Amino acid sequence: MKERKLVGRSVARREDPRLLSGRGRFVDDIALPGMLHAQFVRSTVAHGEIASVDLSAVRRVPGVVAAFTADDLELGDITAQLGRPLSEYVPTAMPVLARDKVRYVGEPVAIVVARDAYAAEDGLEAAKVSCTTLPPVTSEEAALAPGAPLVHDEAARNTLVDVSLFATDGIDEIFASAPCVVHIESRTGRQNALPLETRGVVAHWDDREEQLVLQTCTQVPHQVRTVASRSLRLDERAVRVVVPDMGGGFGQKCVVGREEIAAAAAALRLRRPVKWIEDRKDALSASFLAREQHYQVRAAFGTDGRILGLDADVVCDMGAYSCYPFTAGIEPLMASAEMPGVYKVPAYRVRGRAITTNKAPTAPYRGVSRPQYVMVVERLFERAARELGLDPVEIRRRNVITDFPYTGVNHITYDPGSYLESLNLCERLVQDEGWYEKQAAAAAEGRHLGIGYACFSERTGYGSTAFAQRKMQVVPGFDISEVRMDTSGAVTVTTGTMSHGQSHETTMAQIVADELGLDIGKVRLHQGDTDRITYGWGTFASRSITVGGSAVRLAAAKLGDKLRAIAAARWGIDADEVELTDGAARRRDDTSEVLTYEDIADIAYLRAHLLPKDIEPGLAATATFDVFTDGTFSNATHGVVVELHQGTGQVEILRYVCVEDCGVAINPQVVEGQCRGGIAQGIAGALFEQVTYDDQGEPSATSFMDYKVPTAHEIPDVLIHHLETPSAFTETGAKGAGEGGTIGAPAAVLNAVNDALRPTGVELDHTPVTPETVHRALNPEVAS
């Protein structure tokens with residue numbers, strides 16, 4: 001790897017001047033001549049057969065231009081597939097607009113298009129949808145009960161996925177003879193990813209290009225193009241997806257939504273631009289949700305605290321439909337494959353299921369099952385430490401992976417990391433701040449302080465090989481980049497990843513500028529345009545720098561080779577005698593011999609007759625990158641100090657320490673931002689956020705009055721310490737950093753809460769931990 005100049009430095013974010021001064025351009029900022037506005041008639045029942053949809057009165061509402069049902073638009077369904085037998089996976093079609101049946105409150109039934117958003121809302125009130133109500137399925141227990149109503153007729157027992165990926169021979173005997181067996185049953189609350197910008201789209205037909213153009217906020221523009229073209233029965237060339245600035249996604253926007261396709265169909269039918277912006281009520285109740293999972297896990301330990309076996313049953317409530325392209329298997333397959341995590345687990349058995357219920361469908365949300373299974377495994381170690389009389393940090397020391405590469409019982413090979421180092425350093429940082437002494441002093445005063453840790457890894461850099469192991473029929477993985485220099489020596493870079501707040505315009509430019517010896521101000525990134533980007537899988541699973549950044553570096557290196565070749569030809573020397581620094585090619589043996597990039601570009605474009613015959617005109621290079629191993633593994637340890645307030649049951653986080661290792665940090669400030677943001681979302685899941693439903697499938701949290709979101713007051717300052725174990729599997733040495741904060745926070749917070757509750761004998765294993773629950777634990781006389 002070349003000596004780093006910009007990579008590894010906290011270069012100021014190039015996006016900030018535009019975004020912080022209000023000059024960003026988001027979907028809702030787009031206004032086109034003749035633009036119409038769309039809203040959706042949505043189901044008011046969780047489960048029912050559609051008898052009729054009457055839009056005649058809607059069409060008479062002043063300002064309404066058109067209204068369409070599924071029968072009017074005749075769109076193809078969205079169907080996500082796994083290459084597994086029906087005994088393991090049942091595919092279910094998600095219609096763009098509900099046709100024969102509604103399966104959750106908020107499901108779109110019809111689209112209303114009007115001259116302005118207010119008229120569209122008025123039109124909704126005139127719609128008449130008649131349904132024969134069916135019994136709703138609103139819980140795991142109801143879904144799996146014998147004779148339960150079926151959400152999808154083809155999915156027996158409401159089960160979409162049922163896989164047993166691993167079962168070590170003799171595991172029952174291991175548990176039968178183990179001196180210590182501990183069990184955890186844990187449920188996690190259903191959450192909303194809550195991006196600042198809700199979903200939205202502006203669709204219009206471009207006569208000149210003969211294209212349907214969708215300007216939308218999505219993490220996966222090429223996948224939206226594929227689904228739109230198939231649903232609308234257009235050539236893929238005839239659909240262009242463009243992503244402007246995007247205000248967050250967190251996974252909710254890495255799947256293809258129905259509303260965007262319906263709005264595009266209306267624009268195509270009317271030949272006028274159509275805008276749809278999701279309001280917060282729909283975003284909270286009818287958008288893609290996540291996280292509702294149930295774990296029953298036991299672990300066997302020896303008397304020395306070493307783990308002997310892990311046995312897990314995982315049930316994920318995926319709501320009414322599989323998401324595209326990941327399917328309902330995304331959460332149970334993730335949990336099943338990766339649960340052993342950072343620990344040397346010699347025997348493992350797991351069953352993973354995805355069930356369907358009459359709730360809004362789920363999508364991957366930052367972390368995807370890892371916050372849940374890490375929390376469960378970390379609780380197992382805490383419980384085993386208590387039963388064996390061991391220090392909770394020491395029992396982890398005895399079990400974390402220390403020899404690399406390490407192939408686990410789950411058949412995954414882990415690349416080098418700093419698991420033990422991060423654990424030890426995190427504990428020392430907590431100790432050095434005197435928190436153990438403060439805890440003892442607080443106990444003497446009758447106060448309840450607790451200290452908790454979580455040690456974990458984050459698998460990043462998923463390539464085609466890793467996704468193919470899940471038997472996905474749409475297999476993400478690779479990325480493509482083009483680096484192109486113009487006659488002024490400025491560089492344009494394309495990437496198939498899609499930033500929704502991760503600073504790609506800065507970090508990708510750092511990589512290119514270092515590779516070419518160029519001022520970062522001369523580098524411009526293009527992303528999120530399916531006509532300008534050859535192909536891309538977008539941004540999710542911390543893949544942007546690991547995969548996308550590697551492709552960018554390879555493309556920049558190819559361009560650098562061409563720059564050297566042209567300069568070498570002019571000087572009559574070998575290309576390896578040329579170096580690229582400070583925006584110019586220089587002879588290594590005589591640095592006074594200089595060809596600026598403008599000089600070279602002048603030859604490559606404007607005087608191509610001077611080029612040797614073996615060098616083509618122009619300065620552009622394209623490269624692809626894929627990870628053909630099991631991926632890269634970032635790791636971290638989080639340490640948390642909490643105080644439980646006896647009078648209110650409030651959980652106050654007094655200190656938060658994060659020791660993380662994401663390999664080479666391209667921009668440490670950006671990494672810290674990712675850590676802090678992820679930790680905030682992890683704390684939200686641990687203590688605050690939950691979407692609940694009544695027995696009729698009506699969601700309870702349709703506004704921020706009901707859905708509790710932490711504010712800056714509840715999120716503590718975070719001490720972040722970086723370790724660096726470069727990855728051998730990426731071109732930059734970087735590992736992913738996008739999800740780690742969210743993965744570790746619930747486990748660390750819950751362990752700290754339980755440490756504070758230790759004198760009461762109460763243990764909590766479900767999240768979110770509410771003040772009511774804590775109050776009952778601290779005040780048993782009141783609870784009784």
Side-chain angles (χ1 to χ4, degrees), residues 139-141 175 180-191 290-301 307 309-317 331-332 335-336 339-341 343 345 350-353 367 369-388 390 392 395-396 448 450-456 638 640 642 644 649 651 653 682-690 692 742-778 780 783:
S139 68
E140 172 196 337
E141 292 77 14
F175 274 88
C180 175
V181 175
V182 292
H183 175 266
I184 292 288
E185 180 174 5
S186 177
R187 296 179 186 271
T188 56
R190 196 175 190 84
Q191 285 182 259
R291 298 283 203 244
E292 190 169 0
Q293 301 184 8
H294 178 202
Y295 286 72
Q296 295 189 75
V297 188
R298 58 181 183 146
F301 287 85
I307 192 168
L310 189 63
D311 191 10
D313 187 284
V314 181
V315 179
C316 302
D317 184 339
E331 291 188 341
S336 296
M339 192 178 297
Y343 298 111
V345 177
V350 62
R351 181 187 185 189
R353 285 174 284 174
S369 286
R370 287 169 289 189
Q372 287 68 47
Y373 75 66
V374 165
M375 187 177 78
V376 170
V377 170
E378 293 296 291
R379 291 294 303 132
L380 287 168
F381 274 93
E382 291 282 317
R383 190 158 291 176
R386 186 193 66 203
E387 295 200 9
L388 293 168
L390 294 172
I395 195 172
R396 290 175 171 85
H448 303 272
I451 300 172
Y453 296 92
C455 189
F456 63 95
H638 291 192
V640 179
V642 303
L644 310 183
V651 178
I653 300 176
I683 291 171
L687 299 178
F688 298 97
E689 296 181 15
Q690 184 173 22
T692 58
T742 311
I743 293 169
V749 170
L750 188 60
N751 283 335
V753 169
N754 278 299
D755 187 50
L757 288 174
R758 192 177 300 276
T760 70
V762 175
E763 288 191 65
L764 304 178
D765 295 314
H766 307 314
T767 56
V769 175
T770 65
E772 292 81 3
T773 302
V774 174
H775 187 267
R776 285 196 299 270
L778 294 177

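Quick note: residue numbers are just sequence positions, from 1. Just so we're clear, the structure is a prediction, and the values are computed from it rather than from any experiment.
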Whether the [X] and [Y] side chains hold a donor-acceptor pair (N or O, under 3.5 Å, no angle test) is what I'd like checked.
X      : Y      : answer
His294 : Glu185 : yes
Tyr343 : Glu378 : yes
Gln293 : Ser369 : yes

Short question: side chain of [X], backbone of [Y] - any donor-acceptor pair under 3.5 Å?
X      : Y      : answer
Asn751 : Tyr453 : yes
His766 : Arg187 : yes
Asp755 : Ile451 : yes
Ser186 : Asp765 : yes
Ser336 : Pro332 : yes

Apply side-chain contact (heavy atoms from CB on, under 4.5 Å) to Val640 and Ile653, showing your working.
CA-CA 7 Å; Val640 179; Ile653 300 176; 4.0 Å; yes
Can you name the nearest heavy-atom pair linking [X] to [Y], along with the distance?
X      : Y      : answer
Tyr295 : Ala335 : OH-CB, 3.5 Å
Ala777 : Leu757 : CB-CD2, 3.8 Å
Ala686 : Pro746 : CB-CA, 3.9 Å
Gln690 : Gly189 : NE2-CA, 3.7 Å
Leu750 : Leu764 : CD1-O, 3.5 Å

Do [X] and [Y] touch side chain to side chain, with heavy atoms closer than 4.5 Å?
X      : Y      : result
Val314 : Met339 : yes
Leu310 : Leu380 : yes
Val377 : Val297 : no
Asn754 : Glu382 : no
His183 : Arg383 : no
Gln191 : Pro768 : no
Ile307 : Phe381 : yes
Phe175 : Arg298 : yes

Whether Arg190 and Glu140 form a salt bridge (side-chain N of Lys/Arg under 4.0 Å from carboxylate O of Asp/Glu) is what I want to check.
no
